[in-house]
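Here is the structure we will look at, set down as structure tokens.
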Amino acid sequence: MNTTLITGASSGIGEAFARALAARGHNLLLVARSEDKLMTLCSELGRVRSIHCQHVAMDLSKPESPAKLFEEAETRGLEIDLLINNAGFGSMGDFATLDLARELNMVDLNVRSLVEMTYRFLAPMRERKAGAIINVASTAGFQPVPYMATYAATKAFVLSFSEALWEENRTLGIEVMALCPGVTETGFFEASRMQKPPARTSQTPEEVVETALRGLSRRKSSIISGWPNKFGVAIGGLTPRSLLLRAIGSVMRNAGRAPKQ
């Protein structure tokens with residue numbers, strides 16, 4: 001059964017993807033840690049949209065989880081034709097003072113798990129010569145961000161990795177795209193124990209998802225959600241790197257951005 005797999009699907013951008021794709025008739029496999037939220041969402045979407053919605057409660061930061069999830073999808077007879085790697089979290093503060101275990105856990109989820117998920121589900125897509133993968137990066141991935149050092153670095157990896165795979169797979173009937181939202185109205189900052197960074201505008205998850213699906217239909221290697229974010233990235237690209245680093249560092253430092261205890 002053709003199915004879209006969405007990680008981090010219990011809230012925010014992941015939930016918005018689930019609702020938008022259910023409305024388009026996609027069968028869904030939703031993955032997150034919160035089983036109660038997944039059950040509620042699956043029940044609603046299956047009833048209202050008349051699609052097959054299944055869920056798996058799983059912590060994808062654990063080393064064994066991506067392989068277990070791939071095996072579970074195969075056991076259920078699901079053909080994953082769209083994979084949305086959305087699960088992730090961030091941190092904020094002076095790197096030397098942050099909790100090391102949590103920083104490493106972030107790398108495990110944002111990078112290692114995403115790479116393994118992409119690898120495992122890409123193989124059958126290549127056999128079928130059809131499929132698509134959306135990896136959720138961030139506008140933070142376009143430059144180093146002092147006081148969000150690890151998070152921005154993980155998203156820079158996701159952006160580079162996804163664009164490289166776009167080129168490797170574009171002639172094989174498979175689309176790979178990095179989605180780069182800016183500040184979005186989700187529970188991301190609370191869940192990551194972060195305050196919102198300085199920003200003039202924010203988007204809703206629905207606006208981000210609309211941008212993502214439009215970009216995928218246009219076969220883009222990456223897409224930035226929101227014109228203010230596109231403008232900010234463009235200006236950053238024209239600014240000398242040392243000056244950009246100092247400017248971002250000054251803004252983050254002066255704003256007193258520290259992780260919540």
Side-chain angles (χ1 to χ4, degrees), residues 6 8 12-17 19-21 82-90 92 110-111 114 118 132-167 169-170 175-189 192 194-252 255 257:
I6 306 172
I13 293 173
E15 180 183 350
F17 265 120
R19 293 185 181 280
L21 292 170
L82 173 56
L83 168 64
I84 301 176
N85 282 313
N86 169 68
F89 70 92
M92 189 175 288
N110 295 8
V111 175
L114 180 143
T118 300
I133 299 171
I134 298 175
N135 290 328
V136 179
S138 169
T139 53
F142 285 92
Q143 68 287 304
V145 182
Y147 304 100
M148 293 178 65
T150 306
Y151 174 73
T154 65
K155 294 306 182 179
F157 178 94
V158 173
L159 176 60
S160 175
F161 175 70
S162 302
E163 289 187 321
L165 293 190
W166 174 85
E167 172 59 25
N169 292 278
R170 66 182 178 84
E175 301 300 325
V176 181
M177 186 186 78
L179 168 62
C180 302
V183 176
T184 308
E185 297 168 7
T186 69
F188 170 82
F189 293 98
S192 299
M194 296 163 59
Q195 299 180 44
K196 285 187 179 181
R200 293 182 180 178
T201 61
S202 62
Q203 289 191 296
T204 66
E206 291 74 20
E207 289 171 328
V208 172
V209 167
E210 181 182 352
T211 298
L213 298 179
R214 184 170 63 248
L216 189 65
S217 70
R218 295 175 180 175
R219 307 186 69 182
K220 288 183 171 291
S221 62
S222 63
I223 191 163
I224 300 168
S225 184
W227 284 107
N229 294 322
K230 292 179 182 180
F231 179 75
V233 169
I235 292 298
L238 297 173
T239 305
R241 200 168 181 83
S242 60
L243 180 60
L244 182 65
L245 268 171
R246 291 183 180 182
I248 295 173
S250 177
V251 169
M252 299 295 284
R257 302 294 170 181

Practice prompt. Please confirm whether the backbone N or O of Arg170 pairs with a side-chain atom of Arg219, one donor and one acceptor, at under 3.5 Å?
Written response: yes
Worksheet item: Okay, side chain of Lys155, backbone of Val136: is any donor-acceptor separation there less than 3.5 Å?
Response: yes
Practice prompt. Find out whether Ile133 and Asn85 are in side-chain contact, i.e. whether some heavy atom of one side chain is under 4.5 Å from a heavy atom of the other.
Written response: yes
Discussion item. If the test is side chain to side chain contact (heavy atoms under 4.5 Å, CB included), which one of Asn110, Val111, Asn135 qualifies with Phe157?
Written reply: Val111
Item to complete: Flag the pair Ile84 / Leu179 as yes when at least one side-chain heavy-atom distance between them is below 4.5 Å, and no otherwise.
Response: no
Discussion item. So Val208 and Phe17, do their side chains get closer than 4.5 Å, heavy atoms only?
Written reply: no
Worksheet item: Does the pair Asn229 and Val233 meet the rule for a side-chain contact (heavy atoms from CB on, under 4.5 Å), with working shown?
Response: CA-CA 6 Å; Asn229 294 322; Val233 169; 5.5 Å; no
Worksheet item: Do Val209 and Leu213 have side-chain heavy atoms sitting under 4.5 Å apart?
Response: yes
Response to the item:
Heavy-atom closest pair (Ala140 atom, Val145 atom, distance to 0.1 Å) is O-CG2, 3.9 Å
Discussion item. Could you check whether atom CZ of Arg241 has more than 12 heavy atoms from other residues, nucleotides or ligands sitting under 6.0 Å from it?
Written reply: no
Fill in: salt bridge (Lys or Arg N to Asp or Glu O under 4.0 Å) involving Arg246 - partner list, sequence neighbours excluded
none
Item to complete: Return the minimal non-hydrogen interatomic distance between Pro205 and Ala16, and the atom names on each side.
Response: CB-CB, 3.7 Å
Fill in: Test item: Asn86 side-chain N/O and Gly8 main-chain N/O as donor-acceptor pair under 3.5 Å
yes
Discussion item. Just checking Lys220: does its NZ atom have more than 12 heavy atoms from other residues, nucleotides or ligands closer to it than 6.0 angstrom?
Written reply: no
Discussion item. So which atom in Leu216 and which in Met177 form the shortest heavy-atom distance, rounded to 0.1 Å?
Written reply: N-SD, 3.6 Å
Item to complete: Take Met252 and Met92 through the side-chain contact (heavy atoms from CB on, under 4.5 Å) test and state the conclusion after the steps.
Response: CA-CA 9 Å; Met252 299 295 284; Met92 189 175 288; 4.0 Å; yes
Worksheet entry | side-chain hydrogen bond (donor to acceptor under 3.5 Å, both in side chains) against Thr150, all qualifying residues, sequence neighbours excluded | Glu103
Fill in: Contact summary for Pro146 and Ile248, nearest pair of heavy atoms
CD-CG2, 3.7 Å
Worksheet item: Under 4.5 Å between any side-chain heavy atoms of Phe142 and Leu159, yes or no?
Response: yes
Worksheet item: Are side-chain heavy atoms of Glu163 and Glu167 found at a separation under 4.5 Å?
Response: no
Worksheet item: Would you say the side-chain atoms of Ser250 pair up with the backbone N or O of Ala247, donor to acceptor, closer than 3.5 Å?
Response: no
